[in-house]
S.K.: 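Starting off with a structure, shown below.
The figures here come from the full heavy-atom set of this structure, side chains too, leaving out hydrogens, waters and symmetry mates. Residue numbers count from 1 along this sequence.
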Amino acid sequence: MGDSVKLYVDGVYLSRTAWLHEPYVAHPQDTGSHAWRNPERFARAVEIVDAMGIQACTHAVGDRGISALIDAYENAQRKNGTRDARHRADHCELPTPADQARMAALGIHAAMHPAHFVSDRATEEILGPARMRRMMPWASLERAGVEVSFGSDWMAGPENPLYAILVAATRLNYKLDTDWGKEERIPLAEAVRNYTLGSARALKREREIGSLAVGKYADFVLFDWDFLAADPKELLLAAGLEEKALDKLVLLTVVDGRVVYHRQGLRF
């Protein structure tokens, strides 16, 4: 983990610190701002990090913030040359179509957090329906050729991966509706891959973790149902939106070849 550095290019929506191309609803003069105030200083910092062979993992939420992040990564590649940097856009919630293509061309990874997609009324009101529909465009990013990984963030929301996987496959929001760009949902199998091998690649650890293969850590979960054959929306609603409700679906959890959890009474 010492081969990466955490940076910020902007903030979050509710404090109006995420940097946007267009103003916040009801705040016509406010588009947020660059966290460094000076994009050139940020770009220079990224250039130094890249020259040291370190991976940059940068918090970028708003569409303009993501544009600034890509500009900085592009500058670093131009100054230092191309390598397997795997610099990341962490969160990457509102990338424009043009910026998705730029990310793919530069090899930038989108490290995303589907559980946050459920969101709340305040975020919807401050961004407006058009931006909510293009929030976290998982399908578009993958079509553009961007490598996507999923994670739980800092547990600001549900940390259970099952919850986020089902959200990614349904685009279900806090209203129990799918009116925010349902064309951006992805198959369950793809969501699982983003949470496993996708995350391993985002950490540059795909030789150790991320899939079941000889020589890798034996990390896996056994469910009491056919996960990939299930209807994700029905399953999510049936199990309940509380993340703990999904725990009952797990029979066995193995980490590094060691059983760390098993359902009471299970024989194996």
S.K.: For the side chain of D90 and the backbone of A111, is there at least one donor-acceptor N/O pair under 3.5 Å apart?
M.R.: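 Here the side-chain-to-backbone pair does not exist.
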S.K.: Would you give the length of the straight line joining atom NE2 of H59 to atom CD1 of I66, rounded to the nearest 0.5 angstrom?
M.R.: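 Between H59 NE2 and I66 CD1, I get 9.5 Å after rounding to 0.5 Å.
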S.K.: Would you kindly say whether Y174 and T123 are connected by a side-chain donor-acceptor distance under 3.5 Å?
M.R.: no
S.K.: With a 4.5 Å heavy-atom cut-off, do K216 and S211 have their side chains touching?
M.R.: yes
S.K.: Hey, are the side chains of V255 and Y261 touching, using non-hydrogen atoms and a 4.5 Å cut-off?
M.R.: no
S.K.: Please tell me if the side chains of R185 and P232 come closer than 4.5 Å, counting only heavy atoms from C-beta onward.
M.R.: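 R185 vs P232: side chains apart.
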S.K.: Is D50 salt-bridged to R83, cutoff N-O under 4.0 Å?
M.R.: yes
S.K.: Does R171 have any salt bridge (Lys or Arg N to Asp or Glu O under 4.0 Å) partners at least two apart in sequence or in another chain, and if so, which?
M.R.: none
S.K.: Between E124 and K175, does at least one N-O distance fall below 4.0 Å, as a salt bridge requires?
M.R.: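 Yes.
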S.K.: A side-chain contact here means heavy atoms from C-beta on lying under 4.5 Å apart; do T31 and W19 qualify?
M.R.: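 Yes, at least one pair of side-chain atoms sits under 4.5 Å.
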S.K.: With a 3.5 Å distance limit and no angle check, can you tell me whether R263 reaches the backbone of K248 through a side-chain donor-acceptor pair?
M.R.: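 Present.
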S.K.: How close do P114 and A168 get, heavy atom to heavy atom, and via which atoms?
M.R.: CB-CB, 4.2 Å
S.K.: Transitively linked via ILVMFWY side-chain contacts under 4.5 Å: L106 with L7?
M.R.: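 L106 and L7: one cluster.
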S.K.: Report the C-alpha distance between D153 and H91 in whole Å, list the side-chain angles of each, state the deciding distance to 0.1 Å, and finish with yes or no for side chain to side chain contact (heavy atoms under 4.5 Å, CB included).
M.R.: CA-CA 8 Å; D153 195 18; H91 299 295; 3.5 Å; yes
S.K.: Out of curiosity, R78 CZ to E47 CD, how far, rounded to the nearest 0.5 Å?
M.R.: 9.0 Å
S.K.: Where do H21 and D63 come nearest, in terms of heavy atoms and distance?
M.R.: N-OD1, 2.8 Å
S.K.: Would you check if R131 and R134 make a side-chain contact, meaning some heavy-atom pair closer than 4.5 Å?
M.R.: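 Yes, close enough: below the 4.5 Å cut-off.
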S.K.: With distance as the sole test, does T17 use its side chain to make a donor-acceptor pair with the main-chain N or O of V12 at under 3.5 Å?
M.R.: yes
S.K.: Under the side chain to side chain contact (heavy atoms under 4.5 Å, CB included) criterion, do F223 and L162 qualify, and how do the steps go?
M.R.: CA-CA 11 Å; F223 300 102; L162 286 181; 3.6 Å; yes
S.K.: Under the side chain to side chain donor-acceptor pair (under 3.5 Å) rule, collect the residues that match up with R133, sequence neighbours excluded.
M.R.: none
S.K.: Quick one: closest heavy-atom pair of G65 and V9, and the distance?
M.R.: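 So the minimum-distance heavy-atom pair works out to O-CG1, 3.5 Å.
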S.K.: According to a 4.5 Å side-chain heavy-atom criterion applied to Ile, Leu, Val, Met, Phe, Trp and Tyr, with indirect links allowed, do L249 and L166 form part of one hydrophobic cluster?
M.R.: yes
S.K.: Before giving the answer on side chain to side chain contact (heavy atoms under 4.5 Å, CB included), spell out for L20 and L127 the whole-Å C-alpha distance, their side-chain angles and the decisive distance to 0.1 Å.
M.R.: CA-CA 10 Å; L20 302 175; L127 288 180; 4.0 Å; yes
S.K.: Closer than 4.0 angstrom, basic N to acidic O: yes or no for E206 and R86?
M.R.: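 Here E206 pairs with R86 in a salt bridge, since their nearest N and O are under 4.0 Å apart.
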S.K.: Donor-acceptor check, side chain of Q100 to backbone of P95, threshold 3.5 angstrom: yes or no?
M.R.: yes
S.K.: In sequence, state the C-alpha distance, the side-chain angles, and the governing distance for V25 and I126, and then conclude on side chain to side chain contact (heavy atoms under 4.5 Å, CB included).
M.R.: CA-CA 5 Å; V25 174; I126 201 169; 5.6 Å; no
S.K.: Using 30° and 60° as the class boundaries, would you call the ring planes of H87 and Y73 parallel, tilted or perpendicular?
M.R.: tilted
S.K.: Which residue pairs satisfy the ring-ring contact (aromatic ring centres under 6.0 Å, His included) criterion with at least one member in residues 200-220, sequence neighbours excluded?
M.R.: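 Sorted pair list comes back empty.
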S.K.: How about CD on E208, more than 12 heavy atoms from neighbouring residues, nucleotides or ligands closer than 6.0 Å, or not?
M.R.: yes
S.K.: When rounded to the nearest 0.5 angstrom, what distance separates NZ in K182 from OG1 in T170?
M.R.: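 Spacing of NZ (K182) from OG1 (T170) equals 12.0 Å.
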S.K.: Looking just at side-chain N and O atoms, do S67 and R64 make a donor-acceptor pair shorter than 3.5 Å?
M.R.: no
S.K.: Any side-chain heavy atom of M135 within less than 4.5 Å of one from W180?
M.R.: no
S.K.: Return yes if some donor-acceptor pair links the side-chain N/O of Q55 with the main-chain N/O of L203 below 3.5 Å, else return no.
M.R.: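 It does not hold such a pair.
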S.K.: Compute whether any side-chain donor of one residue and acceptor of the other, for N173 and S119, lie under 3.5 angstrom apart.
M.R.: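 No - no donor-acceptor pair under 3.5 Å links their side chains.
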S.K.: Tell me, do I186 and V148 make a side-chain contact under 4.5 Å, heavy atoms counted?
M.R.: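 Answer no - side chains too far apart.
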S.K.: Determine whether a donor-acceptor pair (N or O, by modelled atom type, separation under 3.5 Å) exists between the side chain of E184 and the backbone of A139.
M.R.: yes
S.K.: Has the side chain of D256 got a donor or acceptor atom that lies under 3.5 Å from a matching backbone atom of R258?
M.R.: no
S.K.: Closest approach of A89 and C92, non-hydrogen atoms and distance?
M.R.: O-CB, 3.5 Å
S.K.: In terms of hydrophobic clustering (I, L, V, M, F, W, Y; side-chain heavy atoms under 4.5 Å; direct or indirect links), are L228 and W138 co-clustered?
M.R.: yes
S.K.: Is there a side-chain contact between F42 and T58, using heavy atoms and a 4.5 Å cut-off?
M.R.: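 SC-SC contact between F42 and T58 confirmed.
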S.K.: About how many Å separate CD1 of I165 and CG of N194, when rounded to the nearest 0.5 Å?
M.R.: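 Spacing of CG (N194) from CD1 (I165) equals 9.0 Å.
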S.K.: Using atom types as modelled and distance alone, determine if a side-chain donor or acceptor of H34 lies under 3.5 Å from a backbone N or O of W36.
M.R.: yes
S.K.: Can you tell me how far CG of L94 sits from CG of D99, rounded to the nearest 0.5 angstrom?
M.R.: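 With rounding to 0.5 Å, CG (D99) is 11.0 Å from CG (L94).
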S.K.: Quick one: do V221 and L212 end up in the same hydrophobic cluster if we chain Ile, Leu, Val, Met, Phe, Trp and Tyr together by side-chain heavy atoms under 4.5 Å apart?
M.R.: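 As far as the 4.5 Å side-chain criterion goes, L212 and V221 are not connected within one cluster.
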S.K.: What's the separation between atom CD1 in I209 and atom OG in S199, rounded to the nearest 0.5 Å?
M.R.: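 OG of S199 is found 8.0 Å from CD1 of I209.
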